[in-house]
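Beneath this line is the structure, given in structure tokens, with notes to follow.
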Amino acid sequence: MRVEFYKHNVGPEEIASVVETLNSTFLTTGPRTRQFESQLQGYLGVRHAIGVNSWTNGAFIALKAMGVQPGDEVITSPLTFIASANVVLHCGAKPVFVDVDPETGIIDHSRIEDAITDRTKAILPIHLYGQMADMKAISEIAAEHGLQVLEDSAHCIEGSRGGHRAGSLSTAAAFSFYATKNITSGEGGAVVTNDDELAERLTKFRLHGMSAGAADRYHSKYKHWDMELLGYKANMSDIQAALLVSQLARIDDTLSRKEQICRRYEDAFEESHYVQATRSLPDSVHARHIFTIRVHPAIRDEMLDALQDAEIGVAVNFRAVHLLDYYRQELGYTRGMFPEAETFGDSTITIPMYPKLTDEEIDYVIRTVLAESERLDHPWPSR
Ligand SMILES: *Cc1c(COP(=O)(O)O)cnc(C)c1O
């Protein structure tokens, strides 16, 4: 049996919607983008959503719009995709890492205050795997120190913690619609905020700082436009939006199938001495972006090989960012600085989890993971 690491969920509805858009006037940012933006606003209960062409560009213009500049510091977690820290570097600022909770891999908010200096401008927490960081605690720290907060919500559209959803307790939250994310347009993203002024700046920043987008210029009589600030090229296209509208409409059904799969995995690994499912928080709705297990660091890479030899697709989300070459060389980070994130990054394996996964495939993954971890025989966690 062969189990793909990931299969997308784009089907007839999305294909029909894209065809309809291709037969319309607008391919770039227009009515479809606007429809998706208002749908996302409604889904999350926020005032503004701005469609962009990736999380990376969306988060970058959000930090720019918040005024992050050279010399500033932004606090984030090292257990994430490189984009989260790279956007800080693109602003000329320094990513300052704070270690993670050893069981969930989420930023340990109790360590944030120690990392704040007079150069700190913002906090950029990651909602890892679909579980939210403690936004209530983080927003209180931010308010006390006059900091802004940008949520990395690339893994988490559906989630909540203590009843709070992404975008509700921060300056802004950025989402990704990259190929493997919870809803996808191949590439794409959005930034949401409750701040009217920030939303206006983001709308300009996403398209060269122009005073009017293409749709506005087209729909009324030609008017001269102006350039008010130095913006970027980050706007969402109507083709991307056409793919997203129906996926967002059924996102909670998709989540309940993923929840079933995750529960089966969690039950299957509960008794194992060798494999541990990453912990789910009790007061949270988990957006179930990816499913990760932990094994002893001494056998992690052998497990990756063994699972791939058994034709099971796997990944590692993530090896700690501060240990990657560029971050070591340019920023002077070394092993030992963030031990929990390092251990997490050395022990984690992502296994297949998506709505199209069949019951037989799930059983095969469970059997193989248990058998191979027993064969390699390194108990985890080392009790
Ligand atoms: C995928 C991902 C991103 C980047 O998203 P893009 O849309 O590809 O730019 C950022 N942060 C995290 C945690 C991600 O997983």
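Order of appearance sets the numbers: ligands from 1, and atoms from 1 within every ligand. Remember, predicted model here, so these are calculated numbers, not experimental data. Each residue takes its place number in the sequence, starting with 1. Excluded from the calculations below are hydrogen atoms, water molecules and symmetry mates; all remaining heavy atoms, backbone and side chain alike, are included.
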- Task: Assert yes or no for the condition that the ring centre distance of His127 to Tyr129 is strictly below 6.0 Å.
- Result: no
- Examine the proximity of ligand 1 to Asp152 and report which part, side chain or backbone, both or neither, has a heavy atom under 4.0 Å away. side chain
- Test ring-ring contact (aromatic ring centres under 6.0 Å, His included) applied to Phe291 and His289, step by step: CA-CA 7 Å; Phe291 192 89; His289 170 52; over 10 Å; no
- What do you reckon, are the aromatic ring centroids of Phe177 and Phe36 less than 6.0 Å apart? yes
- the protein heavy atom lying closest to atom 15 (O) of ligand 1 turns out to be His155 NE2, 2.7 Å
- Which ligand 1 atoms are under 4.0 Å away from a heavy-atom of Ser176? 5 (O), 6 (P), 7 (O)
- Heavy-atom distance under 4.5 Å between the side chains of Thr56 and Asn86, does that happen here? no
- Close approach, Gly188 and ligand 1, non-hydrogen under 4.0 angstrom: yes
- Item | For Thr80, atoms of ligand 1 separated by under 4.0 Å from a heavy atom | 13 (C)
- Message: Going by the closest heavy atom to atom 8 (O) of ligand 1, which one wins out of Tyr178, Phe177, Phe318?
- Response: Tyr178
- What atoms of ligand 1 come closer than 4.0 angstrom to any heavy atom of Lys181? 1 (C), 2 (C), 3 (C), 5 (O), 14 (C), 15 (O)
- Among all protein non-hydrogen atoms, which one is nearest to atom 9 (O) of ligand 1, and what is the separation to 0.1 Å? Thr56 OG1, 2.5 Å
- Report yes or no: do Tyr232 and Asn53 form a side-chain donor-acceptor pair below 3.5 Å? no
- Message: Given Ile351, which partner from the list Ile366, Thr368, Ile293 fulfils the side chain to side chain contact (heavy atoms under 4.5 Å, CB included) test?
- Response: Ile293
- Closest protein heavy atom to atom 4 (C) of ligand 1, given as residue, atom name and distance to 0.1 Å: Trp55 CB, 3.8 Å
- Item | Ser84: numbered ligand 1 atoms lying under 4.0 Å from its heavy atoms | 11 (N)
- Query: What residue among Glu151, Met132, His164, Arg161 forms side chain to side chain contact (heavy atoms under 4.5 Å, CB included) with Leu169?
  - Reply: His164
